[in-house]
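First comes the structure, then the notes that go with it.
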Amino acid sequence: MKLTLGYSPCPNDTFIFDAMVHHKIDTEGLEFEVQLGDVEQLNQKAFANELDITKLSYHAYAYLINSYALLTSGSALGNNCGPLLIAKTAIPTTELATKKIAIPGKYTTANFLLSLAFPTAQQKEEVLFSDIEQQVLQGEVDAGLIIHENRFTYQDRGLVKIIDLGEWWEQTTQLPIPLGGIVVKRTLPLNLQQKINRVLRRSIEFAFANPQAALPYIQQHAQEMSAAIVQQHINLYVNDFSIDLGAKGKAAVEHLFHTAIQKGLIENNTVNIFID
């Protein structure tokens, strides 16, 4: 059976999906038609109901719970891995309401966290995540919300951190920060959803056990990154929560949604978030 599968070309995603899309493990008869895209492109494909399985920002998932179920494997969730708000010079957080901020997409979890931490910061402009640093440097925006490998490079370009929203979340909640997860269409039979979850977990476990095996695929899509940055990226976003969310990971996801409901950012939903 062939299923459409969306994920980003970032090292953390190519690392976890390599074994399953290249049949280095038992896929239990599943084949995958891969569609690569940046995080917001994948969010939009999910809103259009285009993909059977996809990486999805937790923010976007908050609006798509009726359409997709969250796998317990594959999540980017952890500590010290949140988005950073950066600028050319230091800006007091009390002044963010008057500043123009580049964000990597309306439905990214990064923007979700910015809205939770600074609800008055409303002057936002959607920019491809890899272009945000340049927009800040050129003065087209006052600040930028950066994700992925940019958190490792912004200082090299003379930019400064205003706030680490991951640290803000962790200090506020004492929970790991949920960034993105892998979801499947609820219209797929439950036994197929569970099979996909098993195969993905097997793929991640293979990647951890054979860290060199995915390198050619990772480098194919990360040609401008040094080997050190690639490894930092993987270490930051792929961990035990990626293998299985567990009770603590599930609690973090649920708390994120509950907080957003309380603040009126999303509507309450009674559908079970996770696959059964």
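Since the model is a prediction, treat every value here as computed from it, not as a measurement.
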- Message: F129: which residues meet the ring pair (Phe, Tyr, Trp, His ring centres under 6.0 Å) condition with it, sequence neighbours left out?
- Response: H148

- Item | D142/K88 ion pair, N-O < 4.0 Å | no

- Message: Can you tell me how the ring of H59 sits relative to the ring of Y107, calling it parallel under 30°, perpendicular over 60° and tilted otherwise?
- Response: tilted

- Query: Which heavy atom of A260 sits nearest a heavy atom of L116, and at what distance?
  - Reply: CA-CD2, 4.1 Å

In residues 94-103, what donor-acceptor pairs under 3.5 Å come from side-chain atoms, sequence neighbours left out?
unit_1 : atom_1 : unit_2 : atom_2 : d
T98    : OG1    : E95    : O      : 2.8
K100   : NZ     : E125   : OE1    : 3.0

- Can you check whether L5 reaches T54 side chain to side chain, under 4.5 Å on heavy atoms? no

- Message: I'd like to know if the side chain of N12 reaches the main chain of I234, judged simply by a donor and an acceptor atom lying under 3.5 Å from each other, with no hydrogens or angles considered.
- Response: no

Which donor-acceptor pairs under 3.5 Å do side chains of residues 198-209 form with protein atoms, sequence neighbours excluded?
unit_1 : atom_1 : unit_2 : atom_2 : d
R198   : NE     : E28    : OE2    : 3.1
R198   : NH2    : E28    : OE1    : 2.7
R201   : NE     : E205   : OE2    : 3.0
R202   : NH1    : D26    : O      : 2.5
R202   : NH1    : E28    : OE2    : 3.3
R202   : NH2    : E28    : OE2    : 3.0
S203   : OG     : I16    : O      : 2.6
S203   : OG     : M20    : N      : 3.2

- Query: Is any side-chain heavy atom of I182 less than 4.5 Å from a side-chain heavy atom of S75?
  - Reply: no

- Pairing residues for K24 by the salt bridge (Lys or Arg N to Asp or Glu O under 4.0 Å) criterion, not counting sequence neighbours: D18

- Message: Run the side chain to side chain donor-acceptor pair (under 3.5 Å) test against Y7 and tell me which residues pass, sequence neighbours left out.
- Response: Y217

- Should side-chain heavy atoms under 4.5 Å link Ile, Leu, Val, Met, Phe, Trp and Tyr, which residues sit in the same cluster as V160? none

- Task: May I ask you to say whether E33 pairs ionically with K2, meaning some side-chain N is under 4.0 Å from a carboxylate O?
- Result: no

- Residues, nucleotides or ligands: over 12 heavy atoms within 6.0 Å of N235 CG: yes

- Residues forming a salt bridge (Lys or Arg N to Asp or Glu O under 4.0 Å) with E50, sequence neighbours excluded: K45

- For the residue pair I147 and A110, what are the closest heavy atoms and their distance? CG2-CB, 3.7 Å

- With distance as the sole test, does T27 use its side chain to make a donor-acceptor pair with the main-chain N or O of H23 at under 3.5 Å? no

- Message: Just by distance, no angles: are the side chains of T72 and N197 close enough, under 3.5 Å, to form a donor-acceptor pair?
- Response: yes

- Please name all residues satisfying ring pair (Phe, Tyr, Trp, His ring centres under 6.0 Å) with H258, sequence neighbours left out, ordered by chain then number. none

- Query: Any donor-acceptor pair under 3.5 Å linking the side chain of T109 with the backbone of Y58?
  - Reply: yes

- Query: Is the shortest heavy-atom distance from the side chain of F112 to the side chain of L256 under 4.5 Å?
  - Reply: yes

- Query: So do the side chains of D164 and K161 get within less than 4.5 Å of each other, counting heavy atoms only?
  - Reply: yes

- Message: On a heavy-atom basis, which atom in A143 and which in I162 lie closest, and how many Å separate them?
- Response: CB-CD1, 4.0 Å

In a table with atom names and distances, give each donor-acceptor pair under 3.5 Å that connects a side chain of residues 166-180 to protein atoms at least two apart or in another chain.
unit_1 : atom_1 : unit_2 : atom_2 : d
W169   : NE1    : T173   : OG1    : 3.4
W169   : NE1    : L175   : O      : 3.4
W169   : NE1    : P176   : O      : 3.0
E170   : OE1    : N79    : ND2    : 3.2
E170   : OE2    : N80    : N      : 2.8
T172   : OG1    : W168   : O      : 2.6
T173   : OG1    : W169   : O      : 2.8
T173   : OG1    : L175   : N      : 3.1
Q174   : NE2    : Q171   : O      : 2.7

- Message: Can you list everything that forms a ring pair (Phe, Tyr, Trp, His ring centres under 6.0 Å) with Y237? Sequence neighbours excluded, please.
- Response: H233

- Among residues two or more places apart or on two chains, list those pairs meeting salt bridge (Lys or Arg N to Asp or Glu O under 4.0 Å) that have a residue in residues 184-193. D52-K185

- Item | Side-chain cluster (under 4.5 Å, hydrophobic types only) that Y154 belongs to, other residues | L84, I86, V127, I132, V136, L137, V141, I146, L159

- Query: Should P216 and H22 count as side-chain neighbours, where that means a heavy-atom distance under 4.5 Å?
  - Reply: no

- Query: Are any non-hydrogen side-chain atoms of N111 and S115 less than 4.5 angstrom apart?
  - Reply: yes

